[in-house]
Enquirer: 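There's a structure below that I have some questions on.
Reckoned from all heavy atoms, side chains included, excluding hydrogens, waters and symmetry mates. This structure is a prediction, so every number in the text was calculated from the model and none was measured.
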Amino acid sequence: MNQSQSDQPTQSQFDQLVERICAVAVTDPETPLVDLGVDSLHTIALVMAVEEQYGIEIDPEVIGDPALTSSAGLWRSVHDQLAAALPARAGS
């Protein structure tokens with residue numbers, strides 16, 4: 001009955017997206033992306049992929065926030081946006 005929760009994306013799925021787009025291995029989601037070798041072009045490609053995959057818009061300032069420069073940090077931001085959008089989606 002709680003199918004909507006099981007349909008929610010996970011950190012692991014997000015890490016797979018980061019790995020695919022940025023051609024890196026995310027062994028620890030808390031490791032800053034730059035330490036994995038992610039450059040500015042990969043970051044732009046990742047933001048575009050995340051926006052397309054999850055149907056959200058990422059504020060460019062989010063990428064500059066040191067707390068969000070890891071896969072886990074970026075995922076928390078995406079997850080928060082998805083959670084905030086759920087009531088609006090449920091009502092439509």
Side-chain angles (χ1 to χ4, degrees):
M1 213 180 244
N2 232 348
Q3 185 177 5
S4 62
Q5 280 188 337
S6 65
D7 290 342
Q8 294 298 311
T10 63
Q11 175 73 55
S12 177
Q13 291 169 327
F14 189 78
D15 290 344
Q16 290 173 5
L17 176 67
V18 171
E19 290 176 342
R20 189 176 78 241
I21 299 301
C22 299
V24 297
V26 178
T27 55
D28 176 4
E30 296 294 341
T31 301
L33 294 174
V34 70
D35 290 353
L36 298 176
V38 176
D39 62 18
S40 58
L41 293 177
H42 282 129
T43 301
I44 292 167
L46 179 60
V47 167
M48 291 172 56
V50 167
E51 289 178 341
E52 183 176 324
Q53 175 82 23
Y54 298 106
I56 61 171
E57 196 169 314
I58 296 179
D59 183 342
E61 291 183 16
V62 165
I63 300 301
D65 184 340
L68 303 175
T69 59
S70 66
S71 178
L74 188 54
W75 168 242
R76 284 188 290 272
S77 176
V78 168
H79 188 264
D80 289 348
Q81 284 191 46
L82 293 173
L86 278 179
R89 289 182 185 166
S92 51

Enquirer: Given Ser71, which partner from the list Arg76, Gln11, Glu19 fulfils the side-chain contact (heavy atoms from CB on, under 4.5 Å) test?
Expert: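 When side-chain contact (heavy atoms from CB on, under 4.5 Å) is applied between Ser71 and each of Arg76, Gln11, Glu19, only Gln11 qualifies.
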
Enquirer: How many angstroms lie between CD in Gln53 and CD in Gln13, if you round to the nearest 0.5 Å?
Expert: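 Between atom CD of Gln53 and atom CD of Gln13 there are 8.5 Å.
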
Enquirer: Say you draw a straight line from CD of Glu51 to CG of Leu46; how long is it, rounded to the nearest 0.5 Å?
Expert: 10.0 Å

Enquirer: Using side-chain contact (heavy atoms from CB on, under 4.5 Å), reason through Leu82 and Ile56 one step at a time and then give a plain yes or no.
Expert: CA-CA 8 Å; Leu82 293 173; Ile56 61 171; 3.8 Å; yes

Enquirer: Nearest 0.5 Å please: distance from the SG atom of Cys22 over to the CG atom of Asp15.
Expert: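 Cys22 atom SG to Asp15 atom CG measures 11.0 Å (nearest 0.5 Å).
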
Enquirer: Around atom CD of Glu30, are there more than 12 heavy atoms of other residues, nucleotides or ligands at under 6.0 Å?
Expert: yes

Enquirer: So, taking the atom named CD in Gln16 and the one named CD1 in Ile21, what distance separates them when rounded to the nearest 0.5 Å?
Expert: 12.0 Å

Enquirer: Are Thr43 and Val38 close enough that some pair of their side-chain heavy atoms sits under 4.5 Å apart?
Expert: yes

Enquirer: What heavy-atom pair brings Phe14 and Val78 nearest, and what distance separates the two atoms?
Expert: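 Smallest interatomic distance, heavy atoms only, reads CE1-CG2, 4.1 Å.
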
Enquirer: What is the distance from atom OG of Ser12 to atom CG of Leu17, rounded to the nearest 0.5 Å?
Expert: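 So the OG of Ser12 and the CG of Leu17 are separated by 11.5 Å.
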
Enquirer: Ser70 and Pro29: which non-hydrogen atoms are nearest, and at how many Å?
Expert: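 Between these two residues, the closest heavy atoms are CB-O, 3.2 Å.
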
